[in-house]
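Structure first, commentary second.
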Amino acid sequence: MEDFLAAAVLVLDPLTLGMILIGTAIGLIFGAIPGLTYTVALALVLPLTFGLPALPSIGLLLGTYIGGMTGGAVSSILLGIPGTPTAAATVLDGYPMTQQGKGALALGAAVIVSVFGGLFSLVLMVLSVDLVSRIAISFGPAEIFALVVFGLSTICGLAGTSMIKGLIAGVLGLMVMTIGLDALEGVPRMTFGSVQMLQGVNMIVAMIGLFAVPFIIRALLQHWAGVTPAAATGKIKVQFPSLGYLFANWWLIIRSSLIGTGIGAIPGTGGPIASFLAYDSAKRFSKDKSKFGKGDLRGVIGPETAGNAVIGGAMIPLLSLGIPGDPATALVLAGMQIQGLVPGPALFLNNRIDVYGIYIIIMVSLIMLFFLQLLCIRLFVHVLRVPQQLMAVVIVVLCGVGAYAFRNSIFDIYSVAIVGVAGFLLVKAGIPTTPLVLGLVLGPTLESNYRTAMNLSGGDYGVFYTSPAAVVFFLMALLVVVLQIVGTVRKKPEPVPSVG
Amino acid sequence: MTDKQRNLFTAALLFVVASVWTVITVQTIPGGFSPGDIGARGFPLILGIALGILSLGLAIKTWMACPLPLGVEDETEDFGAGRSTLSVLIVLGHLVAYGFLMDKIGFALSTFVITLSMMVIGLRERNPLKILAFSVGTAFGAWLVFSRLLGVYMPLGTMITFG
């Protein structure tokens with residue numbers, strides 16, 4: 001209790017509250033702009049945390065993350081363009097509601113249920129994270145290696161329509177992270193005699209390149225072609241659904257929260273899967289399915305609740321095991337590491353105040369999110385009206401600043417350019433970038449734990465199959481791969497349009 | 001270029017990358033020192049071989065069962081290859097130039113130059129007032145927010161020092 005009160009005092013400090021507010025607003029704005037995801041926002045605000053104390057910097061990052069998860073609903077409902085991949089399912093019924101003049105009601109419902117989903121998942125996270133971390137404290141290199149293998153197995157689910165291309169992307173991500181000075185033996189790898197290459201390609205720098213550069217290129221192409229996204233017009237206000245309606249749909253809200261938290265807790269899954277599963281379940285358990293897709297409020301409530309419930313779910317493996325569930329939480333993880341907070345079992349022993357602080361930050365951010373959306377929906381709509389080509393010019397500047405500020409290295413700006421263009425070309429070749437990001441994030445952990453485990457066991461592979469926890473993770477990885485293969489085999493091949 | 005041609009080209013390119021990577025790994029990175037130590041070479045070598053196998057798999061699968069699904073949606077395909085290449089070169093050039101100029105003339109001035117150049121070359125804007133206002137506004141705003149308000153250390157420039 002003493003630690004909790006100490007954490008509350010730290011979070012209620014004006015600087016921390018200000019950073020949470022700024023982060024939440026930035027996340028909402030970035031989330032609301034199609035193509036400019038909250039992952040980009042996180043990558044760009046991360047360097048700003050260098051000069052801040054621990055909790056304000058985490059407040060800025062978590063605020064951005066939470067705001068961004070919700071912001072996508074604004075453009076989904078008003079413009080029919082998902083601001084984030086998580087909000088893609090919201091378009092299905094949200095935009096038809098706007099076309100019927102019920103956009104304000106859809107926005108109001110989205111505000112309420114997304115905050116509820118976030119708070120629900122926070123409670124689940126607080127209840128389970130400590131237990132998971134106690135189990136995880138007994139993990140050695142072999143168990144962590146097995147866990148990372150499980151995390152990497154989700155590449156199969158992230159690969160899109162071609163698993164082989166997903167695997168290629170994953171391997172490329174792992175390869176990039178081996179460049180530089182080997183952490184265990186100090187041997188230069190793929191540096192070609194360059195001193196600057198010794199520092200390797202930084203994960204954050206690579207992510208800025210992968211997410212921001214393709215956006216700039218796309219914005220230029222759209223500008224040249226005269227393609228401009230539809231702009232929201234008219235007066236925008238928030239209108240809430242009645243309490244009776246919400247109570248009548250209590251099971252839909254709880255079920256969607258559970259789906260979101262559960263999916264969020266599995267590394268490599270994230271918001272889009274959760275929101276589409278929640279939409280699917282809302283439709284499946286509905287007595288009148290015919291209204292879905294034509295402007296049914298339940299089609300907004302389901303995905304929006306699940307989308308935000310992912311927040312707490314994603315925090316469970318992040319805090320207890322140090323495994324990020326998606327690129328956004330990987331950036332939050334990086335921010336915590338910069339502040340000397342290493343997520344994992346030790347965090348709960350050595351930094352209890354900071355852990356409680358994180359819980360309180362999430363709660364405060366969700367509350368701020370509620371009021372920010374009430375006050376600022378109209379303002380956000382104005383941001384949606386900012387031409388994307390001008391936003392692209394600003395993002396070029398932000399890329400330069402974000403890359404340089406991370407390690408005070410001009411070389412990192414060049415890395416952003418090269419990685420970004422390479423990422424764009426990979427997408428052109430039909431290779432998904434999400435598995436690549438997973439490879440970037442998990443690569444160093446995978447290698448260092450495998451090598452440490454093998455060194456400790458003197459080359460005995462038994463270390464991997466005599467540990468029950470390691471075996472469980474390997475079996476889970478196998479299950480994920482088998483289920484994906486079975487799903488692919490069963491799925492009827494769809495006709496593919498020929499390009500060119 | 002059809003999907004099949006694109007996949008085959010990608011597979012061939014990746015196979016070349018994998019082969020070069022593997023050769024360089026074997027030639028430049030030392031192996032382990034004991035049976036339990038796979039050394040610094042182990043992972044890069046395994047990954048190079050894996051990429052080679054996967055790229056061969058992609059080529060074979062494309063050849064045997066065309067057309068292969070694209071994997072991810074390419075949002076820029078409709079804009080034409082020429083325009084796509086030009087946009088890539090413009091963005092690449094501006095980012096590289098930004099890094100170079102930031103080192104030489106400092107953060108504030110390089111931000112002004114790059115913003116101005118992006119407006120003229122990237123956005124093909126021809127209104128001098130709009131170009132100047134946006135460039136000065138962005139450079140001043142970035143300098144104010146990053147260098148002054150947030151205290152992020154940004155380069156001052158080795159040739160010209162200007163904030």
Grab the two heavy atoms, one from [X] and one from [Y], that are nearest each other, plus how far apart they are.
| X | Y | value |
| --- | --- | --- |
| Leu58(B) | Ile168(A) | CD2-CD1, 4.0 Å |
| Ala429(A) | Asn7(B) | O-OD1, 4.2 Å |
| Ala417(A) | Leu95(B) | CB-CB, 3.6 Å |
| Ser84(B) | Lys428(A) | OG-NZ, 3.5 Å |

Could you check whether any side-chain heavy atom of [X] comes within less than 4.5 Å of a side-chain heavy atom of [Y], counting everything from C-beta outward?
| X | Y | answer |
| --- | --- | --- |
| Ile114(B) | Val396(A) | yes |
| Cys399(A) | Tyr98(B) | no |
| Ile431(A) | Leu14(B) | yes |

Straight-line distance of [X] [atom1] to [Y] [atom2], nearest 0.5 Å:
| X | Y | atom1 | atom2 | answer |
| --- | --- | --- | --- | --- |
| Met118(B) | Ile216(A) | CE | CD1 | 6.5 Å |
| Lys61(B) | Lys165(A) | NZ | NZ | 9.5 Å |
| Leu390(A) | Lys130(B) | CG | NZ | 6.0 Å |
| Thr25(B) | Arg189(A) | OG1 | CZ | 9.0 Å |
| Tyr404(A) | Met154(B) | OH | CE | 6.5 Å |
| Ser55(B) | Ile164(A) | OG | CD1 | 8.5 Å |

For [X], which atoms come within 4.5 Å of any heavy atom of chain B: side chain, backbone, both, or neither?
| X | answer |
| --- | --- |
| Ile179(A) | side chain |
| Leu184(A) | neither |
| Val397(A) | both |
| Phe192(A) | side chain |
| Leu172(A) | side chain |
| Tyr450(A) | side chain |

### Query
Looking at Val96(B), Leu86(B), Thr10(B), which makes the most heavy-atom pairs under 4.5 Å with chain A?
Val96(B)

### Message
For the interface with chain A, which of Thr138(B), Val17(B), Leu51(B) has the highest count of heavy-atom pairs at distances below 4.5 Å?
### Response
Leu51(B)

### Task
Please answer whether the main-chain N or O of Phe100(B) pairs with a side-chain N or O of Tyr414(A) as donor and acceptor at a distance below 3.5 Å.
yes

### Query
With respect to chain B, which residue among Gly443(A), Gly420(A), Gly400(A), Gly170(A) yields the maximal number of heavy-atom pairs within a distance under 4.5 Å?
Gly400(A)

### Query
Hey, which of Ile410(A), Asp182(A), Thr178(A) has the most heavy atom pairs under 4.5 Å with chain B?
Ile410(A)

### Message
Please evaluate residues Phe43(B) and Leu174(A) with respect to the criterion side chain to side chain contact (heavy atoms under 4.5 Å, CB included), reporting the C-alpha separation (whole Å), side-chain torsions for both, the decisive distance (0.1 Å), and the verdict.
### Response
CA-CA 9 Å; Phe43(B) 261 74; Leu174(A) 292 169; over 6 Å; no

